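I am attaching a structure below and will ask some questions about it afterwards.
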Amino acid sequence: PRRLERELDRATALGTAATIVEQVFRPVLVQIGTAWHEGRMTVAQEHLATEAITSVTRRLLSLVQPDGDAPTILLACFADDDHGFAVLALAVHLATWGWRVVSLGPRTPPSAIRHAVTELRPELVGLSCSVAPNAHRALELVAGYADAIGDRPWLVGGAGGRAISDLVIASGGHVADETNPRALRTAIERVASASHPARRKP
C-alpha cells in the first residue's frame, strides 16, 4: 500500500488532471483488470489498487472544479452498473471544460436522480451504462430515468447505452456514441445548447 501511494503521488505530477486520468490511470486500470482476470492479481490487490486510484481521481476532480457561476451537470451510473471510474474520469474532463460536476457514482436508481434533479436543477444529466440490461430491465430503468429527469436534457453513454440507444431516444434522451474526450465534449455541448440555446457554453 505504501509503494502504491508513492507511485500515485508521482503520477499526479505528470501533467494536467485530464492527462493523468486518460494517459495513466485509465490504462493502468485496464492492466489491473487483465491481471485479475488472468489470476496474476488477487481480488484484494485489485480492490486496493482500484480504490486508491479512484480516491486520487476524486481528489483531482475537487481541485479542478470551476469557481463562481458555472453550469451544473449531474452524472451517475445506471442502477445495476458498478463501473464508476468512467464517470469519474469524465467528471474530471467536464470540470476542466467549465462544468460544475455533481457525481452520484455507481448503482444510482431513478429515485436518487429525481431527488438530485429537483434539488440542483442541472443543465444536463449524464448516465453511464457499461453493460446493457435485459430488455425488461432496460425498459423499466429508461422509463424511470426519463420520468425522474423531467424537462432536463439527458444523455446516456457507455457500451450498454449504445446497445439500448433506440429505447433511450424514444424516451426523449440522447446517446453519446463517442469515447474520445474531444468528440464527447462536442456531443455534450450540442445536447446542452439545443436544449438551452441562450446558455453560454462553458
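What's counted below: heavy atoms across the whole structure, side chains too, no hydrogens, waters or symmetry copies. On a predicted model such as this, the values are computed, not experimentally measured, just so you know.
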Matching residue for Cys129 among Asp80, Leu141, Val156 - test: side-chain contact (heavy atoms from CB on, under 4.5 Å) = Val156
Report whether Leu155 and Val175 are members of the same hydrophobic cluster (ILVMFWY, side-chain heavy atoms less than 4.5 Å apart, transitive linking).
->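 Different hydrophobic clusters.
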Kindly list each side-chain donor-acceptor pair under 3.5 angstrom involving residues 162-173, sequence neighbours excluded, with atom names and distances?
| from | atom 1 | to | atom 2 | distance (Å) |
| --- | --- | --- | --- | --- |
| Ser165 | OG | Arg162 | O | 3.2 |
| Ser171 | OG | Leu167 | O | 2.9 |

Note, Leu94 side chain near Trp97 side chain (heavy atom, < 4.5 Å) = yes
Would you name the heavy atoms of Asp81 and Ser130 that are closest together and state the gap between them?
->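 Heavy atoms of Asp81 and Ser130 come nearest at OD2-N, 2.6 Å.
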Locate the shortest heavy-atom distance separating Gly84 from Pro106; write the atom from each residue and the value.
->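 Shortest heavy-atom contact: CA-CG, 3.9 Å.
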Please lay out, stage by stage, how Thr19 and Leu14 fare under the test side chain to side chain contact (heavy atoms under 4.5 Å, CB included).
-> CA-CA 8 Å; Thr19 297; Leu14 295 177; over 6 Å; no
Among the clusters formed by ILVMFWY side chains lying less than 4.5 Å apart, do Ile53 and Leu88 turn up in the same one?
-> yes
Do Leu74 and Val191 sit in the same hydrophobic cluster, where Ile, Leu, Val, Met, Phe, Trp and Tyr count as joined when their side-chain heavy atoms come under 4.5 Å apart?
-> no
Can you tell me how far NE2 of His115 sits from OG1 of Thr108, rounded to the nearest 0.5 angstrom?
->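 Thr108 atom OG1 to His115 atom NE2 measures 13.0 Å (nearest 0.5 Å).
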Under 3.5 Å: donor-acceptor pair, side chain of Gln65, backbone of Val101 = yes
Note: Arg2-Glu5 ion pair, threshold 4.0 Å (strictly below) =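 Answer for the salt bridge query: no.
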Audit row: Gln45, Leu48, side chain to side chain contact (heavy atoms under 4.5 Å, CB included) steps and yes/no = CA-CA 5 Å; Gln45 290 171 323; Leu48 174 66; 5.7 Å; no
Grab the two heavy atoms, one from Ala112 and one from Leu104, that are nearest each other, plus how far apart they are.
->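 For Ala112 versus Leu104, the nearest heavy atoms are O-CD1, 4.2 Å.
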Within-4.5 Å side-chain heavy-atom neighbours: Trp154 and Val117 = no
Set of side-chain contact (heavy atoms from CB on, under 4.5 Å) partners for Thr72, sequence neighbours left out | Arg100, Val102, Pro122
Taking the side chain as C-beta and beyond, is there a heavy-atom pair between Ile188 and Arg185 under 4.5 Å?
->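 Answer no - side chains too far apart.
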Given the rule that I, L, V, M, F, W and Y join up when any side-chain heavy atoms are under 4.5 Å apart, are Leu63 and Trp99 in one cluster?
-> no
Quick one: closest heavy-atom pair of Gly15 and Ile20, and the distance?
->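 Closest heavy-atom pair between Gly15 and Ile20: O-CD1, 3.3 Å.
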Looking only at atom types and distance, does a side-chain atom of Ser55 sit under 3.5 Å from a main-chain N or O of Glu51, one as donor and one as acceptor?
->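 No; judged by distance alone, with no hydrogens or angles, the pair does not exist.
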Report yes if some heavy atom in the side chain of Arg107 is under 4.5 Å from a heavy atom in the side chain of Asp82; otherwise report no.
->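 Arg107 vs Asp82: side chains touch.
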Distance col, row Arg152:CZ vs Ile113:CD1, nearest 0.5 angstrom, shows 13.5 Å
Counterpart residues, side-chain contact (heavy atoms from CB on, under 4.5 Å), relative to Arg114 (two or more places apart) =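 If we apply the side-chain contact (heavy atoms from CB on, under 4.5 Å) test to Arg114, skipping adjacent residues, the hits are Thr118, Asp147, Ala148.
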Of all pairs that satisfy side chain to side chain donor-acceptor pair (under 3.5 Å), the ones with a partner from residues 86-96, not counting sequence neighbours |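 For residues 86-96: Glu22-His93.
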Heavy-atom pair with the smallest gap, counting every atom of Leu90 and Leu184 =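 Closest heavy-atom pair between Leu90 and Leu184: CD1-CD2, 3.6 Å.
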With sequence neighbours left out, write down each residue that passes side chain to side chain donor-acceptor pair (under 3.5 Å) with Arg182, or none if nothing qualifies.
->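 By the side chain to side chain donor-acceptor pair (under 3.5 Å) rule, Arg182 matches no residue at all.
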Members besides Val30 in its Ile/Leu/Val/Met/Phe/Trp/Tyr cluster (side-chain heavy atoms under 4.5 Å) =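 Its cluster partners, ordered by chain and number, are none at all.
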Side chain to side chain contact (heavy atoms under 4.5 Å, CB included) between Val131 and Phe78: does it pass, once the steps are laid out?
-> CA-CA 9 Å; Val131 179; Phe78 262 48; over 6 Å; no
Closest approach of Tyr145 to Pro109 (non-hydrogen atoms, all atoms of both residues) |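 Answer, listing the atom of Tyr145 first, then Pro109: CE2-C, 3.9 Å.
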Hey, any chance Leu124 and Leu120 share a hydrophobic cluster, counting ILVMFWY side chains that come within less than 4.5 Å of each other, even indirectly?
->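 They do not share one cluster, since no chain of ILVMFWY contacts under 4.5 Å joins Leu124 to Leu120.
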Are Asp151 and Arg121 side-chain neighbours, meaning at least one heavy-atom pair lies under 4.5 Å?
->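 The answer is yes, as the side chains (C-beta and beyond) meet within the 4.5 Å cut-off.
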Donor-acceptor contact present, side-chain Thr50 to main-chain His47, <3.5 Å =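 Side chain of Thr50 to backbone of His47, a donor-acceptor pair under 3.5 Å: no, none is there.
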